[in-house]
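Here is the structure we will look at, set down as structure tokens.
Note on naming: letters A, B, ... go to the chains in the order of the sequence lines (proteins, then strands), and numbering restarts at 1 for each one.
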Amino acid sequence: MRKSNFLFISMIILMAITRVVLVLSCVHMFIDPNYNMGSWLMVFVLASFAVVMVIGVVLEKFHLRKIGFYALHIGLVLVLIGCFMYFLKGQSYTLTFPVDDTTYYTVTPTTEDGEKLDLLMDIKITEAVTEYYSPTYSVYNVDTESGEMELIEGDLEIIDGYLDLGPYGGTNMSEAELNAALSSFTNPTTGATSVYYYITSTTAVIQNITPSHYEAKFVLASAEYEEYYGSDDSPLILTVNHPIYRGGWKIYLMAVSGSGNAQYVTLMFKKDPGEIVTLIGIVLLVAGSFISAFMPAGKPKKKKEVNTTRKGGAK
Amino acid sequence: MDFLQVVILISFITYYVAAVLYILKKNLLAYIFHGVGFAGNLILVGYNWWVNGYVPFISMYQVMTFICALFTLSNIYMHFVNKDKWMGQYFAICSGVLMTGVFFMYGSASLIWRRVPALQSIYFIPHVLFYTLAYSLFAVSFVMCIERLLFSGNDEEKKRRLDKGIYDVVRLSFPFATAAMLIGAVWANEVWGQFWSWDDKENWALITWVLYAIYLHCRRNEKLRKIQYVFIILGLLAVGMTMFGVSYFGSGVHAYT
């Protein structure tokens, strides 16, 4: 196959990918937010893309100058292979457990088909921690008819025990007075909670609470490996962005919810056979793209011919 | 109008003035105005950084302020390293346009954004930094593309120079777009348990990446070069959708950005 013909074919495939992703993402965005884009259609398109890239690499005449090209395209193929391996054989289950330092709960997720699986593990969540940044306060004008709110002043903080609302509240408000005045409202549609109080009928102060840290402590008993991971005195600690490998599974902290004696922790258990392949592919792809950009292969520079003729004639 | 709004106003005015001066080939004056705009821009970035206590990458206001500054830094790179000394007006125009948007965004949202636990990651800074750099350069390539298509007339020398300039800019930006997308994938695997979740933001970032990949492939063939600029234009539309459209229309794990 001629290289120019092959380039046309690869362009067609690339454009096809763009169209497929564009159409499916529009469906996802505007029609059905639950639409699953990781379908066999996408697999077929991406598999075609991978085949085209393999052919492209094979057709390209080998030279060390083109190391960036090879790394980029081989990396992309490896990424697709790794993702396909997960698509075929990967497992991931999300479960919620109560925080209860006296009871082990079996890890038995339910599949999409309704089948109950036993991951041969028991888990005891001994503690869940949620920390917050110190709250800030924002003043809004509220349109009582439409309910729309316009920010007037933001990022106000309690200083020396007082919140200075300036022209909006007339006087300083002590933290105790503020806490007494604040009301809590939970949106029945979204579930989001706002903490606010009205200074006047059309001006409201909203308390902004942002979580700074989530943590779950737990003990894991694996029947498969006949081993305990962590203990009551030294439990395993799981935080967001820092999953851990235990009992053959990669465990993620997805959420901490509830309060007081009714706290819950949501964990995800995952097995990804293609993870290493995907990561290697990513490294190659990034390295290849930088090499191609900053050290383009191009044509080899011709060596300058040495001109032995002196200016002004012979010696 | 407070001090910061005045700084924003001065910045975008001096950026526009610099762009005009570059076009009029008054380079020394253009450098001075560009420098003043950049200095104001740095004040804004520095203030946002100080107020937040960390790199200002959370809100759209902070990111756009940062991108404005990146335009000038990219111009310096293209000028001294790539030896493309004629691109100043494009970078200045892009800075001016974006800084105008910053002016109207100022005060519409809180300046302080606290990082939720999902954003507390070593991947956060490189992911956002590389995306801002890549998208800023894509914007510059778009401006150059518009001039190439609409304002080059019969000037073949200008067309050749713009052809090469657009290619140089996209060639520089593409690896950063690639790295940003894949750092995001690695980060997603650490926080959400999957490299790619077909989230709206991810989809449009992928569409953007593929469009510029198509442009780069077009450059390799004489026939395909005739349609290369279609993908520069579509690419910037995709960038706009990725940065702004998804926030208004989309949902998913990137919903807070």
Side chain / backbone / both / neither for A/Glu275 at chain B, heavy atoms under 4.5 Å: both
B/Glu190 side, atom CD; A/Tyr252 side, atom OH - distance, nearest 0.5 Å: 6.0 Å
Interface moiety of A/Ser134 toward chain B, non-hydrogen atoms closer than 4.5 Å: both
Shortest non-hydrogen contact from A/Ala293 toward B/Pro175: CB-CG, 3.5 Å
Under 4.5 Å from any heavy atom of chain B - which part of A/Leu76: side chain
Interatomic distance, A/Ser289 atom OG to B/Leu216 atom CG [nearest 0.5 angstrom]: 10.5 Å
Nearest heavy-atom neighbours spanning A/His213 and B/Pro117: N-CG, 3.7 Å
Part of A/Thr210 within contact of chain B (heavy atom distance under 4.5 Å): side chain
Exercise: identify the closest heavy-atom pair between B/Leu119 and A/Asn241: N-ND2, 4.3 Å
Nearest non-hydrogen partners of B/Asn203 and A/Val21, listed with the distance: O-CG1, 3.9 Å
A/Tyr214 (side chain) donor-acceptor with B/Ala118 (main chain) under 3.5 angstrom: no
Distance in Å, A/Leu72 CG paired with B/Thr178 OG1, rounded so as to fall on 0.5 Å steps: 6.5 Å
Which atoms of A/Glu157 approach chain B - backbone, side chain, both or neither, heavy atom under 4.5 Å: side chain
Heavy-atom closest pair, residues B/Arg115 and A/Tyr133: O-OH, 2.8 Å
Spatial distance of atom CD (B/Gln194) from atom NZ (A/Lys270) [nearest 0.5 Å]: 7.5 Å
B/Gln120 side, atom CD; A/Ser212 side, atom OG - distance, nearest 0.5 Å: 6.5 Å
